[in-house]
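What follows is one structure encoded as structure tokens, with my remarks underneath.
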Amino acid sequence: MSSSSPYSLRRRRSHPPFQSVIPTVVTDRDVYTRAVSASRIAYDLESVVSPMIAAALLGVVGYSFLFVGTAVGFAASAALVARSGPRIPSQRADSVGDFWSRTTAGLRIMLSRPVFRGILWANIATAAATSVVVVGSVVYVRAELSLGDSVLAVALGVFGTGSIVAAVALPWLLRRVAAGRVVGGGALGCAAALAGVGLMTAIAPTIGAVLVLWFVFGVATSLVNTASTRMLRDHSAADDRDAVFTAQFSLSHAAFLVTYPAAGWGPTLVGPWATPVILAVLAAAAAIAARRTWSRAASSRPVRAHRPPTMTATAPTG
């Protein structure tokens, strides 16, 4: 429900300014990883809990009171942000450039650095997986299995649970495995789950198969989305971080313009089992392209000239 305050908090949390501010405030890499993981956990918990809270409140109050609650939530959030610690240093007015330069700065940076180009490939894999979850959940649960809204909520909850599990494990994982390998593994996991959906559809959909695959989707997409955030942090500097995070937000969502229509119209055009298979091939190709992009790079470590003085540890390899 868009009228609930937690939903509003989630939308603010997903914006590029929020993501780019975290590495400025949290300078230690390990602490930063835990902060990003905690943010992801809160995001996923909200996606499950917020609609339940809103539905419960609608049983005792009207819609207008929920909007009032949203306004109170905004005010409380603003007060908490204002009292939450160190101030973010302001950017120099003369370092921004003209409007066109500001608009395309993040895109140019993302395309110029191999580590970021690999992340862009990985975004395609997560977009393919997410499109099947968002568009296909209703189809598989309601149309194919003839089950009710409660089972649909369970399926989406399982997807969120998989994402939470990955976010909880990520700080431990990134202390042992390079971030690029985690992102690449998550992208391949998206491809494997999509292939599983195609196989399930070709044989016979079952609720058990849906729940298992949706859990894998949650784990795989969370690994890519959360670990790539640390790669963005490690390979950007304070003066270009806003542009990099904004470009990542925009370009990752641009992939949805292709995968969402494919997931929606594909079953009618090419068949219900062929659509996830095609998306699986797309995700696998994107995962391979990401890994090759990082492998061909002369060095996947951050260029020291671009590292801000606040970084307190060596950045991981891609």
Side-chain angles (χ1 to χ4, degrees), residues 6-7 10-11 13-14 19 33-34 36-52 119 122-142 145 147 149-174 177 179 181-201 205-230 252-253 255-256 259-260 263 276 279-280 282-284 286-287:
Y7 179 89
R10 184 189 78 171
R11 305 308 296 176
R13 191 163 52 245
S14 65
Q19 296 291 344
T33 302
R34 292 196 296 270
V36 172
S37 297
S39 174
R40 183 74 197 185
I41 292 169
Y43 179 101
D44 292 318
L45 284 175
E46 184 280 329
S47 67
V48 176
V49 174
S50 182
M52 295 171 59
I119 292 174
N123 288 339
I124 296 175
T126 59
T130 304
S131 67
V132 169
V133 173
V134 173
V135 178
S137 292
V138 175
V139 175
Y140 290 111
V141 174
R142 298 290 302 276
L145 297 173
L147 299 174
D149 290 337
S150 60
V151 179
L152 175 62
V154 169
L156 295 176
V158 168
F159 172 75
T161 300
S163 181
I164 291 171
V165 169
V168 170
L170 199 63
W172 176 89
L173 186 62
L174 287 178
V177 183
R181 291 186 179 275
V182 174
V183 173
L188 287 175
C190 291
L194 285 165
V197 172
L199 179 62
M200 175 192 71
T201 306
T206 65
I207 186 58
V210 169
L211 295 181
V212 170
L213 290 169
W214 263 230
F215 181 84
V216 175
F217 276 134
V219 171
T221 55
S222 183
L223 288 177
V224 175
N225 292 331
T226 311
S228 63
T229 302
R230 190 165 100 171
S252 63
H253 283 68
F256 294 146
T259 60
Y260 273 45
L279 290 173
L282 175 65

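Every value quoted in this text rests on a predicted model; they were computed, and no experiment measured them.
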Original post:
Is the backbone of Asn225 close enough, under 3.5 Å, to the side chain of Ser228 for a donor and an acceptor to pair up by distance?
Top reply: yes
Original post:
What is the minimum heavy-atom distance between Pro171 and Ala167, and which atoms define it?
Top reply: CD-O, 3.3 Å
Original post:
Nearest heavy-atom pair of Leu156 and Ser137: which atoms, and what distance?
Top reply: CD2-OG, 3.5 Å
Original post:
Of the non-hydrogen atoms in Val182 and Ala227, which two are nearest, and what is the gap between them?
Top reply: CG1-CB, 3.8 Å
Original post:
Is there side-chain contact between Thr201 and Tyr140, with at least one heavy-atom pair below 4.5 Å?
Top reply: yes
**OP:** Assess whether side chain to side chain contact (heavy atoms under 4.5 Å, CB included) is satisfied between Leu145 and Val210, documenting all intermediate values.
**Re:** CA-CA 10 Å; Leu145 297 173; Val210 169; 4.3 Å; yes
Residues 189-200, side-chain donor-acceptor partners within the protein, below 3.5 Å, at least two apart:
none

**OP:** Considering non-hydrogen atoms only, spot the tightest contact between Ala155 and Val141 and give its length.
**Re:** CB-CG2, 4.3 Å
Original post:
Which heavy atom of Ala263 sits nearest a heavy atom of Val132, and at what distance?
Top reply: CB-N, 4.4 Å
Original post:
In Å, rounded to the nearest 0.5 Å, how long is the span from OG1 of Thr229 to CD1 of Ile119?
Top reply: 8.0 Å
Original post:
What pairs with Tyr260 under ring pair (Phe, Tyr, Trp, His ring centres under 6.0 Å), at least two apart in sequence or on another chain?
Top reply: Phe256
Original post:
Stepwise, does the side chain to side chain contact (heavy atoms under 4.5 Å, CB included) test hold for Thr130 with Thr259?
Top reply: CA-CA 9 Å; Thr130 304; Thr259 60; over 6 Å; no
Subject >> Side-chain touch Leu152/Val138, heavy atoms, less than 4.5 angstrom >> reply: yes
**OP:** Could you check if a side-chain atom of Leu173 sits within less than 4.5 angstrom of a side-chain atom of Leu223, using non-hydrogen atoms only?
**Re:** yes
Original post:
Looking at Gly186 and Val224, what are the two nearest heavy atoms and their distance?
Top reply: C-CG2, 3.5 Å
